[in-house]
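Only heavy atoms go into these numbers, but all of them, side chains included; no hydrogens, no water, no symmetry mates.
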Amino acid sequence: MIKKYKGTIALAVCLLLLAVASLFVGVLDVKPSNLLAGDGKNMRIFLISRLPRLLAILCTGIGMSVAGLIMQQLCMNKFVSPTTGATISSAQFGILLALIYMPKSTLWTRAIFAFVTAILGTWLYVWFIQKLQFKEVIMVPLIGIMFGNVIGGITNFLAFRYEMTQALSTWLVGHFSMVIKGRYEIVYLVVPLVVIAFIFANHFNIVGMGKNFSTNLGVPYNVVLFMGLTITAMITASTVVVVGSISYIGLIVPNIVAMFKGDKIRGTIIDTALFGAIFVLVCDMIGRILIRPYELPIELIIGILGSILFVMMLLYRLKHGRKAIRIGGKKHES
């Protein structure tokens with residue numbers, strides 16, 4: 001039993017060690033000895049900033065990775081994600097509408113606007129690609145990118161029109177520097193949404209096979225499809241409201257895990273969540289360390305590392321097709 005899940009256990013242990021280490025990385029020195037001694041200043045920094053930041057990082061990594069996994073399965077395309085499916089752009093549009101029409105809106109009000117527009121934008125995108133007669137692998141994400149650019153263009157136009165460019169900039173570049181106690185709790189919504197995704201993982205697999213296949217097995221195709229897309233949109237919107245736009249997580253992480261574990265959601269969702277959290281945590285720590293005492297936005301770090309990983313993944317696919325990666329002499333289906 002342990003041998004079967006040794007990869008998952010290794011990821012969990014690695015995540016735990018990195019999480020503990022990240023609590024003590026930052027401009028201000030917070031030492032375990034000071035915390036154990038009851039130092040008031042260190043304890044306040046730990047509870048108000050370091051711990052909330054870690055929780056936000058974990059929720060972001062887990063949520064965006066699982067959201068990408070669901071979208072790729074439902075669309076049967078490994079290049080679809082909240083970034084290439086216009087979900088992030090739609091959430092940003094909703095935040096701008098809240099800023100324009102409800103200037104004194106709370107973070108929760110902006111989140112509601114982001115939920116609605118992200119859900120509608122994702123539904124519209126999937127509805128459109130389903131109407132395409134010929135859906136080449138690369139065509140589906142390209143349409144999503146173009147659709148997202150159209151929404152982004154409208155968002156930028158309205159931001160310039162109503163002089164909201166500076167206010168909107170907070171949500172255009174992802175960073176964790178503003179995450180403190182009282183300003184990040186919305187991202188906790190990721191936890192129940194990921195649990196629901198795990199429960200209905202097999203249904204998402206079946207729906208990904210097509211409408212006729214789902215109907216023959218008695219699975220309500222439209223209900224499961226819209227539920228999966230709604231979960232994806234809400235995870236993305238809750239992350240964008242708190243952290244801002246972060247690309248590549250939902251695209252890169254599920255693909256890397258699938259190369260080792262296969263494409264079945266139920267068998268990969270836990271590993272995808274763990275690896276996504278590790279990936280975001282490592283990128284955040286790099287951003288905090290590189291130019292201390294200053295900090296680089298995590299969107300910049302993930303953009304660079306994500307691009308490199310994406311190119312490497314493409315080269316591997318081109319060279320080996322869908323061959324599995326071998327670990328310890330055992331074949332893992334890609």
Side-chain angles (χ1 to χ4, degrees), residues 62-91 93-94 114-148 151 189-240 249-251 253-255 257-258 262-270 272-273 276:
I62 292 170
M64 293 301 291
S65 301
V66 172
L69 178 65
I70 295 172
M71 284 195 75
Q72 289 173 11
Q73 185 62 41
L74 293 177
C75 298
M76 288 302 291
N77 191 302
K78 286 295 182 182
F79 296 104
V80 175
S81 72
T83 307
T84 58
T87 308
I88 290 179
S89 301
S90 300
F93 180 66
F115 290 152
V116 173
T117 53
I119 290 170
L120 293 177
T122 307
W123 283 355
L124 182 60
Y125 164 67
V126 174
W127 173 82
F128 182 77
I129 63 174
Q130 285 184 333
K131 297 298 179 181
L132 295 176
Q133 186 174 2
F134 302 103
K135 290 182 283 190
E136 295 182 8
V137 173
I138 200 64
M139 183 63 68
V140 174
L142 283 178
I143 291 173
I145 293 171
M146 289 187 289
F147 184 45
I151 297 174
L189 288 174
V190 166
V191 177
L193 292 171
V194 169
V195 172
I196 295 172
F198 180 79
I199 294 172
F200 289 94
N202 290 333
H203 291 75
F204 297 148
N205 273 324
I206 294 171
V207 167
M209 298 294 181
K211 188 171 185 179
N212 293 333
F213 188 84
S214 302
T215 304
N216 291 336
L217 292 179
V219 175
Y221 177 82
N222 289 327
V223 173
V224 176
L225 176 65
F226 285 120
M227 181 180 67
L229 295 177
T230 301
I231 290 172
T232 297
M234 291 189 69
I235 288 174
T236 304
S238 61
T239 301
V240 172
I249 302 173
L251 177 63
V253 173
N255 275 286
V257 174
D263 295 327
K264 190 176 180 182
I265 290 185
R266 179 60 66 85
T268 60
I269 189 170
I270 295 178
T272 300

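For the pair Gly250 and Gln72, the tightest heavy-atom approach, listed with the atom from each and the gap, is O-NE2, 3.2 Å. What you find for Leu69 and Thr272 is that their closest heavy atoms are CD2-OG1, 4.0 Å. For the pair Met64 and Ile235, the tightest heavy-atom approach, listed with the atom from each and the gap, is N-CG2, 4.0 Å. Taking both residues in full, the closest heavy atoms of Ile206 and Ser214 are given as O-OG, 3.2 Å, listed atom of the first, atom of the second, then distance. Contact record, Phe115 with Met234: CE2-O, 3.5 Å, taken as the closest heavy-atom pair. Ala91 approaches Ala114 most closely through the heavy-atom pair O-CB, 3.8 Å.
Note on ring orientation: taking the six-membered ring where Trp is involved, the planes of Tyr125 and Phe147 are parallel (angle under 30°, cut-offs 30° and 60°).
A search for side-chain hydrogen bond (donor to acceptor under 3.5 Å, both in side chains) contacts involving Ser65 returns nothing, not counting sequence neighbours.
Between Val207 and Phe213 there is no side-chain heavy-atom pair separated by less than 4.5 Å.
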Are Gln73 and Asn205 close enough, and set up right, to give a side chain to side chain donor-acceptor pair (under 3.5 Å), and what steps lead you there?
CA-CA 6 Å; Gln73 185 62 41; Asn205 273 324; 3.3 Å; yes
CA sep, side-chain torsions, deciding dist, call: Val126, Cys75, side-chain contact (heavy atoms from CB on, under 4.5 Å)
CA-CA 8 Å; Val126 174; Cys75 298; 4.3 Å; yes
side-chain contact (heavy atoms from CB on, under 4.5 Å) assessment of Tyr221 paired with Asn212:
CA-CA 9 Å; Tyr221 177 82; Asn212 293 333; over 6 Å; no
Test side-chain contact (heavy atoms from CB on, under 4.5 Å) on Ile70 and Ile231; report intermediate values, then the result.
CA-CA 9 Å; Ile70 295 172; Ile231 290 172; 4.1 Å; yes
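Between Ile249 atom CD1 and Ile62 atom CD1 the span is 11.5 Å, to the nearest 0.5 Å. Phe93 CZ to Leu120 CG: the interatomic distance, rounded to the nearest 0.5 Å, is 10.5 Å.
Between the Asn255 side chain and the Lys78 main chain, a donor and an acceptor come within less than 3.5 Å of each other.
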Please tabulate, for side-chain N and O atoms in residues 80-88, each donor-acceptor pair with protein atoms closer than 3.5 Å (sequence neighbours left out).
from	atom 1	to	atom 2	distance (Å)
Ser81	OG	Thr83	N	3.3
Ser81	OG	Thr84	N	3.4
Ser81	OG	Thr84	OG1	3.4
Thr84	OG1	Phe79	O	2.9
Thr84	OG1	Ser81	N	2.9
Thr87	OG1	Thr122	OG1	2.9

